Amino acid sequence: VQLQASGGGLVQPGGSLRLSCATSGSIFTFALTNWYRQAPGNGREFVARITPGGTTNYADSVKGRFTISRDNAKNTVYLQMNSLKPEDTAVYYCNVPSAINPWGLGTQVTVSS
């Protein structure tokens, strides 16, 4: 099962983007899913997670601005990002720790005027 993140792009500060993490299987229904990000020169940073039961957690730096959600019918997890800041610039990855291939390909998010 390959995880594929998409939806990144260039956006101005204060703007919004919605990232998607899709897979061919129904893994999101029964597995904890995370979003991480990695900015140039930095390590990978936790952003948000959603449990199979729907409980969500967020990094303090994105709390109140980002929302993680899941559509089981579409085998997709989303990350809605609002009020974006330049410091949100990074490559964003979805992660399912219990999967054979736990890391998907990332998607670049650039916040700049």
Side-chain angles (χ1 to χ4, degrees):
V1 174
Q2 179 67 51
L3 303 171
Q4 176 66 61
S6 62
L10 173 64
V11 63
Q12 292 186 343
S16 298
L17 283 174
R18 188 177 78 160
L19 306 184
S20 299
C21 178
T23 181
S24 57
S26 58
I27 192 170
F28 297 135
T29 302
F30 56 87
L32 181 147
T33 304
N34 301 305
W35 281 98
Y36 280 78
R37 66 187 181 186
Q38 187 167 17
N42 292 350
R44 207 161 281 189
E45 173 191 25
F46 168 77
V47 176
R49 74 165 53 93
I50 186 166
T51 70
T55 300
T56 58
N57 298 97
Y58 299 91
D60 287 343
S61 58
V62 307
K63 204 171 291 184
R65 300 188 297 122
F66 290 12
T67 303
I68 188 171
S69 62
R70 183 178 65 224
D71 187 331
N72 292 336
K74 295 183 178 180
N75 296 326
T76 302
V77 169
Y78 301 99
L79 185 68
Q80 177 67 43
M81 305 187 297
N82 299 328
S83 302
L84 282 161
K85 304 175 181 180
E87 51 264 43
D88 295 318
T89 295
V91 178
Y92 284 71
Y93 299 89
C94 56
N95 162 255
V96 178
S98 60
I100 294 175
N101 298 307
W103 293 97
L105 301 176
T107 186
Q108 175 71 48
V109 172
T110 302
V111 185
S112 175
S113 55

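As the structure is a prediction and not an experimental result, all values here were calculated from the model. The figures that follow rest on heavy atoms only: side chains count, while hydrogens, waters and symmetry mates do not.
For residues 92-113, no residue pair satisfies the salt bridge (Lys or Arg N to Asp or Glu O under 4.0 Å) rule, not counting sequence neighbours. Every pair tested for ring-ring contact (aromatic ring centres under 6.0 Å, His included) that includes a residue from residues 61-80 fails, sequence neighbours excluded, so the list is empty. For residues 80-113, the set of pairs meeting the ring-ring contact (aromatic ring centres under 6.0 Å, His included) definition, not counting sequence neighbours, comprises Y36-W103. Screening residues 45-56 for side-chain hydrogen bond (donor to acceptor under 3.5 Å, both in side chains), with sequence neighbours left out, gives N34-R49, R37-E45.
Listed by chain and number, the residues in a side chain to side chain donor-acceptor pair (under 3.5 Å) with Q80 are N82 (sequence neighbours excluded). Scanning for salt bridge (Lys or Arg N to Asp or Glu O under 4.0 Å) contacts around R44 gives an empty result, with sequence neighbours left out.
Heavy atoms only, all atoms of each residue included: A31 and V96 are closest at CB-CG1, 3.6 Å. Nearest heavy-atom pair, T89 versus V111, reported as atom, atom and distance to 0.1 Å: OG1-N, 2.9 Å.
When N75, T33, T76, I50 are each tested for a side chain to side chain contact (heavy atoms under 4.5 Å, CB included) with R70, only one passes: I50.
With rounding to the nearest 0.5 Å, the separation of CZ in F46 from OH in Y58 is 9.5 Å. The CG atom of D88 sits 12.5 Å away from the OG atom of S112 when rounded to the nearest 0.5 Å. Taking CG of L79 as the reference point, atom SG of C21 lies at 10.5 Å (rounded to 0.5 Å). Note that the CD atom of Q4 and the OG atom of S20 stand 10.5 Å from one another [nearest 0.5 Å].
When hydrophobic clusters are built by joining Ile, Leu, Val, Met, Phe, Trp and Tyr residues whose side-chain heavy atoms come closer than 4.5 Å, directly or via intermediates, V11 is grouped together with W35. Cluster annotation: L105 is not connected to I100 through the hydrophobic network of ILVMFWY side chains, with a link wherever side-chain heavy atoms come within less than 4.5 Å.
At a threshold of 4.5 Å between non-hydrogen side-chain atoms, the residues L3 and N101 do not count as touching.
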